[in-house]
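Worksheet: the structure to be examined is printed underneath.
Numbering of ligands and ligand atoms starts at 1, following listing order. This one's a predicted model, so the numbers in the text were calculated from it and none came from an experiment. No hydrogens, no waters, no symmetry mates; every other heavy atom, side chains included, goes into these values.
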Amino acid sequence: MTNPIRVAIVGAGIVGATTALALQRHGVDVTLYSDRSIEDLRDAVPATGTAVLFGRSRDVDIDLIGESYADAPVSLGMATRLVSGEPGELTTLLDFDPDFHYTAAGVDVRLRAHDRLTEFVRAGGAFVVQPVTVGDLDAIAADHDLTLLATGKGGLVELFPVDEDRTVYREPQRELLAAAFAGLGHGPEVFAHRGGGTHNVFNLHAEHGELWIGPYWHKDIGASWSFLGFARPGSPWVERFDSVTDAASALEVVTELYRDYYPEDLPEIEKLTVIEEDQRSWLRGAVTPTVRKPVGHTASGRPVAAIGDTVLAFDPIAGQGAQTGIIQAAALVAAIVARGTDFTEDWIAEQFDDHWDARGHAAAEVTRLFLGDPDYAFVAGKLFPAAQEDDAVGAALFGLLSEPAPILGLHTDEDVDRFIADAKAAALVRS
Ligand SMILES: Cc1cc2nc3c(=O)[nH]c(=O)nc-3n(C[C@H](O)[C@H](O)[C@H](O)COP(=O)(O)OP(=O)(O)OC[C@H]3O[C@@H](n4cnc5c(N)ncnc54)[C@H](O)[C@@H]3O)c2cc1C
């Protein structure tokens, strides 16, 4: 019998935990290093994000690991509204509510990671609680055929230089406020004017940012709602987000935002309550969207690979981070098992280039579209009004959250016209 492949993974967030369990199920000998215990990963930290899996990534995740959250409320569309102006003199510019052509679900990443880690350890996987330092990596890499760093946006990223050619932004494009809330059900009477409890509610403001709220499965209470606020730098929303210091103040700020800018949704928002079981149900921050080189080196020059947020950090406006990390994990697991040995620096770089071509690049560009990047004004300027006219176009627009690849074909006005025409034609075929 040949020796099993030995893989070290550093970081037990959703990407590290998923990769570890999937590799283990293929007979790979995995050692997973985490700076926190399994219990602390679940209960002593906020979720690193909402991590809605839209369509394709959800399917990939189910194929790779299985479906453990069959009771989680899914979302099937995106009730979208764009307004402009200040409270009392708001103008609605767009209002549309397409169904997706897929199913989306947001499950607390702490729960997903916890459940995967628990299964990994139960099946005999080595879980080492240790904050790994750059100094530790040499011995870890020497002891394994391949070392993967899934340490998120902050941990050990200095080993991986920023890829200047692939990185577009040098600073965050939004200030973020995320929070999960209880108190509101998911029946058709909820947000009846906006998709009836099974649609995400996405409110955009032309000058200030975006507010999104969608069905969520929270680690302690299960069915709940997840709110995400995105404030453009310099907008008055930044100050409101900055005043949040706990879950209760997060709820106050969220309620005031809807009262001032989206009063038609206020009756639902006023029913939301803080999740008493989870004092870490909220998060504030900002992400500089960054692409890093996938290969780093330990002190003695051994190559190590970056995966997940460590190599690709997205602004969450288009929900691409966990989705792309899971898709990367699935491809990497298959490639590791197929190769079996000799995980050279060139091989690691090749895997990432494949991932960039298959998903990462398109995911980054879709994020730019939803950030309102001026380079995509020619796309947004046609696509959003066309979505207002025809739900088929709205569905295609939000289809990009699941399958972002078509955005790489949008270079001219004619390309956008073709995308719109194709969406309408596809709807005719379906009907
Ligand atoms: C507000 C918000 C909303 C989001 N919404 C979505 C969404 O809807 N859909 C989506 O797909 N994505 C979304 N994302 C992105 C998604 O949450 C992240 O991409 C994903 O959680 C990253 O997972 P990860 O495992 O790569 O990193 P992390 O979750 O950051 O995990 C890294 C782990 O490594 C550990 N670690 C760090 N350093 C060390 C060390 N030196 N030694 C040992 N361990 C270490 C950390 O403690 C952590 O446990 C959102 C993000 C944010 C901020």
Does I14 offer a backbone N or O that forms a donor-acceptor pair with the side chain of T18 under 3.5 Å? yes

Pairs of nitrogen or oxygen atoms closer than 3.5 Å, one from [X] and one from ligand 1: do any exist?
X	answer
G155	no
D35	yes
F54	no

With a cut-off of 4.0 Å, which atoms of ligand 1 are near a heavy atom of [X]?
X	value
Q130	42 (N), 43 (C)
G308	26 (O)
S34	43 (C), 44 (N)
L41	49 (O)
P131	42 (N)
V10	42 (N), 43 (C)
V132	40 (C), 41 (N), 42 (N), 43 (C)
G321	10 (C), 11 (O), 12 (N), 15 (C), 19 (O)

Between [Y] and [X], is the closest basic N to carboxylate O distance under 4.0 Å?
X	Y	value
R122	E119	no
E175	R284	no
D145	R6	no
E67	R58	yes
D353	R166	yes
D373	R368	yes
E164	R170	yes

How far is [atom] from the closest protein heavy atom, and which atom is that?
atom	answer
atom 16 (C) of ligand 1	A322 N, 3.6 Å
atom 6 (C) of ligand 1	A51 N, 3.1 Å
atom 11 (O) of ligand 1	Q323 N, 2.8 Å
atom 25 (O) of ligand 1	V15 N, 3.0 Å

Taking it one step at a time, do Q320 and R359 satisfy side chain to side chain donor-acceptor pair (under 3.5 Å)? CA-CA 10 Å; Q320 293 300 304; R359 175 80 190 199; 2.9 Å; yes

At under 4.0 Å between heavy atoms, what of A150 touches ligand 1? The answer is backbone

Quick look: I307 vs ligand 1, heavy-atom contacts under 4.0 Å, and the answer is neither

Counting only heavy atoms, tell me which of L283, T50, I327, T19 gets closest to atom 3 (C) of ligand 1. T50

Side-chain heavy-atom pair E252, T255 within 4.5 angstrom cut-off: no

Heavy atoms of other groups near E207 CD, more than 12 under 6.0 Å: yes

